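Below: the structure, in structure tokens.
Nothing fancy with the numbering, it's 1 onward along the sequence. Remember, predicted model here, so these are calculated numbers, not experimental data.
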Amino acid sequence: MKQVTQSYRTGKLQVLEVPTPPPKPGYVLVCTERSLVSVGTERYILELARKSLLGKAIARPDLVRQLIAKAQTEGIGEAWRQAMSRLDTPIPLGYSSSGVVVAVGSGVEGIAPGDRAACAGVGYAGHTQIASVPINLCVKVPDGVDADSAAFV
């Protein structure tokens, strides 16, 4: 399946081929019809990713504090390695979508394959062909609500 991602190191956007997730307990798999692009949030993420390391540090002092704490507990080398690894890991974009349920994990009630669903959550309801969303971040879309409107969940 395809997923829109971004490199935090370079800011480069990519459409990657990633494995389709299995239906996990308590999760719903939704075939995305619409995903919402947030002008403010996603523009901020794009701009942050395009900054230099110093620019990123200035913009996110909270992450600098985490890096310093990690260096104090695990050593400078390990903290640096983990920070660079995080910068190199493609970040999935998006956090609000709608589509059709294709599978549900064990323990999921009130929504079934074939139902239309609206989904939310960073790392869950992104710009992807199949979203794997915890049931508490997914809701059945009422009749009469179109996919575009439902994506604003």
Side-chain angles (χ1 to χ4, degrees), residues 1-51 53 56 59-60 62-64 66-67 69-70 73-74 78-153:
M1 71 168 198
K2 295 186 183 333
Q3 183 173 51
V4 178
T5 65
Q6 181 181 34
S7 165
Y8 266 165
R9 182 182 295 273
T10 65
K12 180 181 176 186
L13 292 174
Q14 298 179 68
V15 176
L16 296 180
E17 189 67 37
V18 298
T20 300
K24 299 188 296 191
Y27 279 68
V28 177
L29 292 185
V30 179
C31 181
T32 303
E33 289 182 359
R34 301 287 190 278
S35 61
L36 184 68
V37 175
S38 169
V39 176
T41 304
E42 291 189 279
R43 187 176 79 204
Y44 171 77
I45 292 169
L46 292 171
E47 289 173 357
L48 177 63
R50 291 181 176 137
K51 292 179 185 266
L53 282 177
K56 286 176 176 70
R60 294 294 309 268
D62 57 316
L63 294 179
V64 173
Q66 287 179 14
L67 180 66
K70 186 166 286 293
T73 60
E74 298 180 30
E78 180 60 18
W80 181 260
R81 186 193 67 70
Q82 288 182 21
M84 293 302 104
S85 174
R86 184 171 174 183
L87 287 172
D88 288 333
T89 302
I91 306 301
L93 296 179
Y95 58 84
S96 188
S97 64
S98 66
V100 177
V101 175
V102 293
V104 298
S106 63
V108 171
E109 296 178 7
I111 198 163
D115 289 342
R116 294 180 329 119
C119 310
V122 172
Y124 300 112
H127 309 307
T128 184
Q129 286 181 302
I130 304 285
S132 178
V133 185
I135 186 60
N136 66 323
L137 296 177
C138 189
V139 63
K140 201 170 173 178
V141 175
D143 291 338
V145 176
D146 63 273
D148 288 340
S149 298
F152 280 86
V153 70

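Without hydrogens or angle criteria, Lys56 side chain to Lys51 main chain gives a donor-acceptor distance under 3.5 Å. Remark: the backbone N or O of Lys2 is paired with a side-chain donor or acceptor of Gln129 at under 3.5 angstrom. Side-chain atoms of Ser96 come within 3.5 Å of backbone atoms of Ala151 as a donor-acceptor pair (strictly under, hydrogens ignored).
One finds the CG atom of Leu93 at 10.5 Å from the CD atom of Gln14 (value rounded to the nearest 0.5 Å). For the atom pair Ile130 CD1 and Thr20 OG1, the distance stands at 6.0 Å (nearest 0.5 Å). A distance of 12.0 Å separates CG of Leu63 from NZ of Lys70, quoted to the nearest 0.5 Å. In this structure, the separation between CG on Leu36 and SG on Cys119 is 12.5 Å, given to the nearest 0.5 Å. Put simply, CD1 on Ile111 and CZ on Arg116 are 10.5 Å apart, with the number rounded to the nearest 0.5 Å. We find the OG-CZ distance between Ser85 and Arg9 to be 9.5 Å, quoted to the nearest 0.5 Å.
Here the closest non-hydrogen pair linking Ala118 and Val141 is N-CG2, 3.4 Å. Summarising the geometry of Ala117 relative to Val101, their closest heavy-atom pair is CB-CG2, 3.8 Å, with the distance given to 0.1 Å. Nearest approach of Gly121 to Leu137, heavy atoms of both residues: CA-CD1, 4.2 Å. Listed here is the closest heavy atom pair of Leu53 and Trp80: CD1-CH2, 4.2 Å. Smallest separation of non-hydrogen atoms from Ala59 and Leu48: CB-CD1, 3.6 Å.
For residues 127-147, the set of pairs meeting the salt bridge (Lys or Arg N to Asp or Glu O under 4.0 Å) definition, not counting sequence neighbours, comprises Asp115-Lys140.
Using a 4.0 Å cut-off between charged nitrogen and carboxylate oxygen, Arg50 and Glu47 do not count as a salt-bridge pair.
When side chains are defined from C-beta on, Val30 does not count as touching Ser97, because their heavy atoms never get closer than 4.5 Å. Side-chain contact between Pro21 and Leu29 is present, with heavy atoms from C-beta onward closer than 4.5 Å.
Thr32 and Ser35 form no side-chain donor-acceptor contact under 3.5 Å, judged by distance and modelled atom types alone.
Within 6.0 Å of the CD atom in Glu17, the count of heavy atoms belonging to other residues, nucleotides or ligands exceeds 12.
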